Amino acid sequence: AQSVAQPEDQVNVAEGNPLTVKCTYSVSGNPYLFWYVQYPNRGLQFLLKYITGDNLVKGSYGFEAEFNKSQTSFHLKKPSALVSDSALYFCAVRDMEGLTGGGNKLTFGTGTQLKVEL
Amino acid sequence: DAGVTQSPTHLIKTRGQHVTLRCSPISGHKSVSWYQQVLGQGPQFIFQYYEKEERGRGNFPDRFSARQFPNYSSELNVNALLLGDSALYLCASSLGDYQPQHFGDGTRLSIL
């Protein structure tokens, strides 16, 4: 089965500093990876995806992610954090297990709470 | 364009009751998926439907069922509710298999 791991429950960073939220993956075949953000009492918002191509993926709100095949990682980054970036971040992988005729099922990590402080 | 809409936003039920949750996908999206998110965890896949056919089911008991209508909206039904069914239920729609899923704000289900 496909899986992703987010090793940090919480990341704290000062506003203006760069931020990194870590994700590692375990897949058979080509990985299709995603990052989502969740604000309190809201659903998940799509940030970016890696399907194929450049290892540096640019997404919404100034976020980017670096795909590293040798390290099986897909870390989320932002050059300068904002207080408004404080939220819960999820890494996810497209998982075909148990699906028939194609399908679009995501398996999520446990989430990383990002706290950006003044 | 409107995003994914879910109703109701909150629901309180007692053990043994049943519940129906509803989802309207983004216009043009034919795929709808349902996820359960328990507090403090990532979302867990329940079902996916595409063009009204079930594409997959997650590791959930038969008390959970769903369907998709000709207008691509969807319902999730849960029978014989248990305390452990308390969660945020998220619906997501997408254009296709390799496209991002777009989530609604969910239905918060509380079981007393």
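Remember, predicted model here, so these are calculated numbers, not experimental data. Protein chains get the first letters and strands the later ones, always in sequence-line order, with residue 1 at the start of each. Values reported hereafter were calculated over all heavy atoms of this structure, with side chains retained and with hydrogens, waters and symmetry mates removed.
Between A:Y89 and the choices A:Y36, A:F46, A:F63, the ring pair (Phe, Tyr, Trp, His ring centres under 6.0 Å) rule is met once, by A:F63.
With a 4.5 angstrom heavy-atom cutoff, A:I51 touches chain B only via side-chain atoms. In this structure, the portions of B:Q101 lying under 4.5 Å from any heavy atom of chain A include both its backbone and its side chain. Looking at B:Y35, only its side chain comes within 4.5 Å of chain A, counting heavy atoms on both sides. Contact of A:Q38 with chain B is made through the side chain alone, with heavy-atom distances under 4.5 Å. With a 4.5 angstrom heavy-atom cutoff, B:Q6 does not touch chain A via any of its atoms. Using a 4.5 Å cut-off between heavy atoms, A:Y39 does not touch chain B at all.
Side chain of B:S31 to main chain of B:S93: no donor-acceptor pair is present (N/O by atom type, distance under 3.5 Å, no hydrogens or angles).
At a threshold of 4.5 Å between non-hydrogen side-chain atoms, the residues A:Y25 and A:Q2 do not count as touching.
Chosen from B:D105, B:L88, B:L90, the residue pairing most often with chain A at heavy-atom distances under 4.5 Å is B:D105. Annotation: maximal heavy-atom pairing with chain A below 4.5 Å, among B:S33, B:P43, B:G96, B:G106, occurs at B:P43. Note: B:P100 leads B:P100, B:G58, B:G104, B:C91 in heavy-atom pairs under 4.5 Å with chain A.
In this structure, A:Y32 has its ring center no closer than 6.0 Å to that of A:F74.
Counting non-hydrogen atoms of other residues, nucleotides and ligands closer than 6.0 Å to CG of B:L39 gives a total of 12 or fewer. The environment of NZ in A:K115 is sparse: at most 12 heavy-atom neighbours from other residues, nucleotides or ligands sit within 6.0 Å. Within 6.0 Å of the NZ atom in A:K22, the count of heavy atoms belonging to other residues, nucleotides or ligands does not exceed 12.
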